[in-house]
Every structure is written in structure tokens, then in C-alpha cells.
Amino acid sequence: MAEKTPRHIAIIMDGNGRWAKKRLLPRGAGHRAGMNRMIGLAEHIFDRGVEYCTLFALSTENLSRPKEELDGLFSLFRDYFPANTERLKRKGIALRVIGDRSLLPEDIVALIAEGEAYTAGGTRGTLALAIGYGGRQDILAAVNEAVRRGREVDAEEFSAMLSTREMPEPDLLIRTGKELRISNFLLWQAAYSELYFTDVLFPDFSDKELDKAIEAYGKRERRYGKL
């Protein structure tokens, strides 16, 4: 049987726009509701004894969305990042951001760097936000690094070239919002993750829903391809 509590949980936070549409609200209201839920959910995850949490906040593909929507998302980052970095610091949680920062506005990149530096001493857990992230792009960057080194590498060395280096692979990968795919998220790292899909839209993904996912995980047997 799997451990009762996974060491690393990764979540594809899907359904913010549909949550807003159901309530006849603009998409931005859904993103704000999702941001609020993300903050509370992360706290509950670490309260459950999870050591690492990776949240898919913005994919490389999302960056092709209309400028108005992206501007709204970046405004949310500006509004929420400083206060919640302070919150993480108080709780002993280290912040880490994975993804291509060259795709982001300069002031967002500065906020990310400041937040990572400010919380670097956190020992209770690590919260990784995937912003401007794509699994294929992550793998390609690692392949190019191996080419630059001019020699073959093994799986362990390759993993150390990915943006998630120094983090364990996720034990449990959750996707909210009904879709049954992982959408270019942690493609290498999730090779043996337990997958959990739920119809619940992310702003409604409560602490109890998270507990249900962990309970389901605890009932699974993880064999990693062995008998």
C-alpha cells in the first residue's frame, strides 16, 4: 500500500474560467477566486504533512491567451505575491518558481526572485509554482544541457538538469475541472505519479476534496512496474 500521506503533491488547477462563467462573472473573477483557493489549499497541504507542493499556475500555452486576460493574471500576481511571500516566510515554507521567466514581465520576474530569496531558509516545506512552464520545454532544456556537456547522461543526471532538480518526483498528481489529461505538466517527473481527476472546478476544490484525494492515494498500491 502507498504511504498514507504523499511526500509531494502536484496540482493542475483547472476550471477558474468555467467557475466564473457558471456565475455569469468575467473570467478575471474566476482567476481571483482560484488565487484565493490556491493560498488556502497550499496551507492545508502542508498542515497535512506534505513536504513539497507544485501548483500549475500558468503554462507556456496559457501565454497565448488574449492580452486582457494575461494582464489580469499578472495583476493578480502583483497583488498577491508580496503579502503571501511574507505568509510563507512566517510558516517556514520555501517558495520556488519553475518555468521560463523570459516569457514574463520584468517586474513579475523581480517579484519571483525576491520571494525565492526571502523564503529560502524555510525548512517546513517547499511550494513550487509553475509559471510560464511546459513539460516538453523542460525536457528540451535538459536535453540541450546534456548536449552542451558533450556526453551521454543517465536518468539521475538528466533529472538533475530539469527545473524541478532537488525536488522528489510527485507521488500524487491531481487535476481539477473534469478534464482527463495532464496538459504538458511535469511529463518526465510524473512517470510513476498516482493520478487523481475530479470534476470539481478549482475554486471549489476544498480542503475536504484534497483530503479525499489523499485518502484515495493511500489505498493504492505503487509497484513502479514491478510485481
Give every donor-acceptor pair under 3.5 Å between a side-chain atom in residues 103-115 and any protein atom, sequence neighbours left out.
unit_1	atom_1	unit_2	atom_2	d
Asp107	OD1	Arg78	NH2	3.2
Asp107	OD2	Arg78	NE	2.4
Asp107	OD2	Arg78	NH2	3.4

Spacing of Glu169 atom CD and Thr54 atom OG1 [to the nearest 0.5 Å] | 11.5 Å
To the nearest 0.5 Å, how far apart are CZ in Phe74 and CD1 in Ile131?
-> 9.0 Å
Between atom CD1 of Ile39 and atom OH of Tyr80, what is the distance when rounded to the nearest 0.5 Å?
-> 6.0 Å
Gly135 backbone acceptor or donor facing Asn184 side chain under 3.5 Å = yes
State the CG-CD1 distance between Leu88 and Ile93, to the nearest 0.5 angstrom.
-> 7.0 Å
What's the spacing between Arg96 CZ and Ser163 OG if we round to 0.5 Å?
-> 7.5 Å
For the pair Phe185 and Phe56, name the ring-plane relationship: parallel under 30°, tilted 30 to 60°, perpendicular over 60°.
-> parallel
Spell out, yes or no, whether Val97 and Ile9 are grouped together once hydrophobic residues are joined by side-chain heavy atoms under 4.5 Å, including indirect joins.
-> yes
Step by step, work out the side chain to side chain donor-acceptor pair (under 3.5 Å) result for Asp204 and Trp19.
-> CA-CA 8 Å; Asp204 292 328; Trp19 182 92; 3.2 Å; yes
Salt bridge Glu86-Lys89, side-chain N to carboxylate O under 4.0 Å = no
Can Asp138 and Tyr133 be counted as having a side-chain donor-acceptor contact under 3.5 angstrom?
-> yes
Verify, without hydrogens or angle tests, whether Arg37 (side chain) and Phe205 (backbone) share a donor-acceptor contact under 3.5 angstrom.
-> yes
Sequence neighbours excluded - side-chain hydrogen bond (donor to acceptor under 3.5 Å, both in side chains) pairs with any residue from residues 120-131 = Asp47-Arg124
Over all heavy atoms of both residues, which pair between Val50 and Arg7 is shortest? Give the atoms and the distance, please.
-> CG1-O, 3.4 Å
How long is the gap from CG on Asp154 to CD on Glu152, to the nearest 0.5 Å?
-> 10.0 Å
